[in-house]
Amino acid sequence: MLAGKRIVLGVSGGIAAYKAIEVCRRLVDAGAHVIPVLTEGARHFVGATTFSALASEPVQTSLWNEVDPIPHTRLGQGADLVLVCPATARLLADLAGGRSHDLLTATLLATRAPVVVCPAMHTEMWEHPAVQDNLALLVRRGVHVVPPEEGRLAGGDVGAGRLAAPETVVAAVEAALAEPDLSGLTVLVTAGGTREPIDPVRFLGNRSSGKQGHALAAEAATRGAKVTLVTTAGLPVPAGVEVVRVDTAAQMEAAVTERAAAADVIVMAAAVADFRPAAPAVEKIKKHHGVPELRLEPTPDILAGLGAAKRPDQTLVGFAAETSDVRASAHEKLARKGADLVVANDVGAPGAGFEHDTNQVVIVRSDGLDEDVPLGGKRAVARAVFDAVLDHRVTSADRRPRDSI
Ligand code: PMT
């Protein structure tokens, strides 16, 4: 999504300017072309060389530049997005008041691109009515605001005003650039591997990290969906996503069943245990009592249950972790579990499946329009999955009798 996008990264003068270095790195890693613009205040906190080295682009600091007589219009007109991180109270006041006394404020006036601001300041300043009024005005004008978090501030104080985490800032940039093609849809995603207790300290589990499921939730939220993520993983919650933490297959089934009727799209990316100990011990099993015999029982098949109860206008997506005959097994699961799409990964292939940051899948569909998705980041796979979901919703709506749509 960020690949090839021209992002002007404005850094204003607050202690949180050092965190903009990490934001710059993440944007560059995502393929964006970052043009750093540092205010005079920012240069008291961070060095221009750091940004120019990370961005492979000279840092811009001045309106008065002999090589480029009107840098603010060139930067503003050429940008796909202008990000201000951190945004001080003064920067917000300048933007709200239309003042353009330096390169960054002039660029902000000269752009028609989306603007994202990330305020960071002391709690007293953040809560001041003047700052809040300026922000409200900017929001009314369409500026995207990434609110600060609570936490440690300069000088050891603790409170609201700490710059949002780098991943939250990058997610906000992606959201501001995204086509909101999932807006109006409610999406339910599951992630991670369930843990089935043997006794209070031991469990049967699997290698799922939750990365693929969390990437799916982040992608759906970025594209405007209302997203709930039912997860066993302790990974950061993607911005704008409601999270429900669970451990076992039974808990996941309860959480999903409660929310399924309200969902337009359900994506079962979790690795749900197929079997669990039939009678988990209430107390820790003692080693000196010898090797225990574990009797297992099947868990509920959540996906098959959803398939049996599915509304015609609902889109149900299963995953399949396979080690051979990937496409054929995925088609078999699609039919047996009543899903519309199954995303199958060869979990034995290099870089694919459990725990990796990358994945490689084949998306098989009940309408027969299967698609191979090459090895790429789990977010790229998530993008392909929701593209296929939208496409499937169009083709299946075309085939449904008019009175059932
Ligand atoms: O979490 P990561 O480390 O990022 O790894 C991602 C992943 C490999 C876990 C993911 O891409 C994946 O393949 N998830 C599904 C794993 C799995 O359980 O596959 P399965 O073939 O056993 O199950 C098929 C489908 O039935 C899945 O949608 C599963 O959620 C569902 N199921 C399975 C058992 C059960 N009792 N209830 C279910 O709903």
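Nothing here was measured: the structure is a model prediction, and the numbers come from that model. Just so you know, ligand 1 is whichever comes first in the structure, and atom 1 is the first atom listed for that ligand.
Remark: side-chain polar atoms of Arg393 are paired, donor with acceptor, to backbone N or O of Asp313 under 3.5 angstrom. Using modelled atom types, one side-chain atom of Ser12 and one backbone atom of Thr88 make a donor-acceptor pair closer than 3.5 Å.
Taking distance alone, with nitrogen or oxygen atoms compared against 3.5 Å, Val347 stays at or beyond that limit from ligand 1. Any N or O atom pair closer than 3.5 Å counts here, and Gly318 shares no such pair with ligand 1. By the 3.5 Å distance cut-off applied to N or O atoms, Phe319 is counted among the residues near ligand 1. Between Ala270 and ligand 1, at least one pair of N/O atoms sits closer than 3.5 Å. Looking at ligand 1, you'll find an N or O of Thr299 within less than 3.5 Å of one of its N or O atoms.
Heavy-atom separations between Pro300 and ligand 1 include at least one value shorter than 4.0 Å.
For ligand 1, the atoms closer than 4.0 angstrom to any heavy atom of Gly353 are 5 (O), 8 (C). Shown in contact with Glu355 at under 4.0 Å from a heavy atom are these atoms of ligand 1, numbered in order with element: 2 (P), 3 (O).
Scanning the protein heavy atoms around atom 18 (O) of ligand 1, the nearest turns out to be Ala271 CA, 3.3 Å. Counting only heavy atoms of the protein, atom 2 (P) of ligand 1 lies nearest to Ser209 OG, 3.3 Å. Ranking protein heavy atoms by distance to atom 34 (C) of ligand 1, first place goes to Asp274 OD1, 3.3 Å. The single protein non-hydrogen atom nearest to atom 20 (P) of ligand 1 is Lys333 NZ, 3.8 Å, given as residue, atom name and distance. The protein non-hydrogen atom at the shortest distance from atom 39 (O) of ligand 1 is Leu303 N, 2.8 Å. Closest to atom 6 (C) of ligand 1 among all protein heavy atoms lies Gln212 CB, 3.7 Å. Nearest protein neighbour of atom 14 (N) of ligand 1, counting heavy atoms only, is Ala269 O, 2.9 Å. Nearest to atom 4 (O) of ligand 1 among the protein's heavy atoms is Lys378 NZ, 2.7 Å.
Residues Asp387 and Arg223 are in side-chain contact: their nearest non-hydrogen atoms beyond the backbone lie under 4.5 Å apart. Side-chain contact between Val34 and Arg6 is absent, with no heavy-atom pair separated by less than 4.5 Å.
Nearest-heavy-atom check against atom 10 (C) of ligand 1 across Asn345, Asn359, Asp301 picks out Asn345. Heavy-atom proximity to atom 37 (N) of ligand 1, evaluated over Leu216, Ile302, Thr190, is greatest for Ile302. In this comparison of Met252, Lys337, Lys211, the heavy atom closest to atom 32 (N) of ligand 1 sits on Lys337.
Residue contacts with ligand 1 for Ala233 are absent, since no atom lies close enough (heavy atoms, distance under 4.0 Å). In Ala249, neither the side chain nor the backbone holds a heavy atom less than 4.0 Å from any atom of ligand 1.
Around the CZ atom of Arg202, the shell of radius 6.0 Å holds more than 12 heavy atoms that belong to other residues, nucleotides or ligands. Atom CZ of Arg141 is surrounded by more than 12 heavy atoms from other residues, nucleotides or ligands within 6.0 Å. Atom CD of Glu40 has 12 or fewer heavy atoms from other residues, nucleotides or ligands within 6.0 Å. Heavy-atom neighbours of Lys333 NZ from other residues, nucleotides or ligands within 6.0 Å: above the threshold of 12.
Asn345 and Gln360 share no donor-acceptor pair across their side chains, judged by distance under 3.5 Å alone.
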